[in-house]
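Notes follow once the structure below has been shown.
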Amino acid sequence: SKLMSTWANLGLQDSASPLMEQLIFFHDHALLILVMITVLVGYLMIMLFFNMYVNRFLLHGQLIEMIWTILPAIILLFIAMPSLRLLYLLDEINEPSITLKSIGHQWYWSYEYSDFNDIEFDSYMIPTNELSNDGFRLLDVDNRIVLPMNSQIRILVTAADVIHSWTIPAL
């Protein structure tokens, strides 16, 4: 199983959790709808460009206006319903085993294990010239967080001054 993205990957990396798998399914679902709309609109634009015929009844028709108002609303429902379902699925956490608090600073992250007293540390990115050969450039840090596998984890992300980007892409 590949957990790191590599060159020429057009999709998302393999998921390491059921929620991420649902996110990937939703991404593919929304992308399929967008591709179908793009192909249809592109085809219609090309056909209109090369077509010299005019339908005089189509220019002032309430039926066609109803169709191009109701059809996009129905398509939006096909995107919104799975999106809302997934939003509420992601918000649900049942008694987490551990809580991690990630605090964003200008150039580093601070972490606190909230369930324990006085377990907190800073995590700085390793400069490229100090990186080992098997390290990931612009991703490796000097102090990594350690979390248990196959358990519910609550992650609270906040900022002391600025918040950049904190993620575990496989989750």
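Values below: every heavy atom of this structure, side chains too, minus hydrogens, waters and symmetry copies. From a predicted model like this one, the values you see are computed outputs, not experimental measurements.
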Sequence neighbours excluded, which residues qualify as side chain to side chain contact (heavy atoms under 4.5 Å, CB included) partners of L138? M125

Which atoms form the tightest heavy-atom contact between P72 and I67, and what is the distance? CD-O, 4.0 Å

Starting at CG of L71, measure out to CD1 of I64 and round the result to the nearest 0.5 Å. 9.5 Å

Per the side-chain hydrogen bond (donor to acceptor under 3.5 Å, both in side chains) rule, what does the pair list look like for residues 131-148, sequence neighbours excluded? S132-D134, D140-R144

Residues L100, Y111; criterion side-chain contact (heavy atoms from CB on, under 4.5 Å); working and verdict: CA-CA 7 Å; L100 172 72; Y111 297 106; 4.0 Å; yes

Rounding to 0.5 Å, atoms CG (L131) and CG (L139) come to a distance of 9.5 Å

side-chain contact (heavy atoms from CB on, under 4.5 Å) between F121 and W109, intermediate numbers included: CA-CA 9 Å; F121 59 92; W109 288 90; over 6 Å; no

Which residues pass the ring-ring contact (aromatic ring centres under 6.0 Å, His included) test with F26, sequence neighbours left out? none

Can you name the nearest heavy-atom pair linking P82 to I79, along with the distance? CD-O, 3.5 Å

Of all heavy-atom pairs between Q22 and R85, which one has the smallest distance, and what is that distance? OE1-NH2, 3.2 Å

Can you name the nearest heavy-atom pair linking I98 to F116, along with the distance? CD1-CE1, 4.0 Å

Stepwise side-chain contact (heavy atoms from CB on, under 4.5 Å) check, M20 with L12: CA-CA 10 Å; M20 184 60 197; L12 299 167; 4.2 Å; yes

First locate atom CG of L156, then atom OG of S102, and finally report the distance between them rounded to the nearest 0.5 Å. 8.0 Å

Measuring from atom CD of E112 to atom CD1 of I119, what distance do you get when rounded to the nearest 0.5 angstrom? 11.0 Å

If you group Ile, Leu, Val, Met, Phe, Trp and Tyr whenever their side-chain heavy atoms sit less than 4.5 Å apart, what else falls in with M81? L77

Quick check: do I153 and S97 have side-chain heavy atoms less than 4.5 Å from each other? no

Chi angles and distances behind the side-chain contact (heavy atoms from CB on, under 4.5 Å) call for E120, K101: CA-CA 9 Å; E120 54 185 67; K101 183 177 180 185; over 6 Å; no

Within 6.0 Å of CE in M47, more than 12 heavy atoms from elsewhere: yes

Mark yes or no for whether H29, through its side chain, and F78, through its backbone, hold a donor-acceptor pair below 3.5 Å. yes

For residues 152-171, the salt bridge (charged side-chain N to carboxylate O under 4.0 Å, His left out) pairs (sequence neighbours left out) are none

Atom CD of Q106 with >12 non-hydrogen neighbours under 6.0 angstrom: yes

Partner set under ring-ring contact (aromatic ring centres under 6.0 Å, His included) for Y124, not counting sequence neighbours: Y108

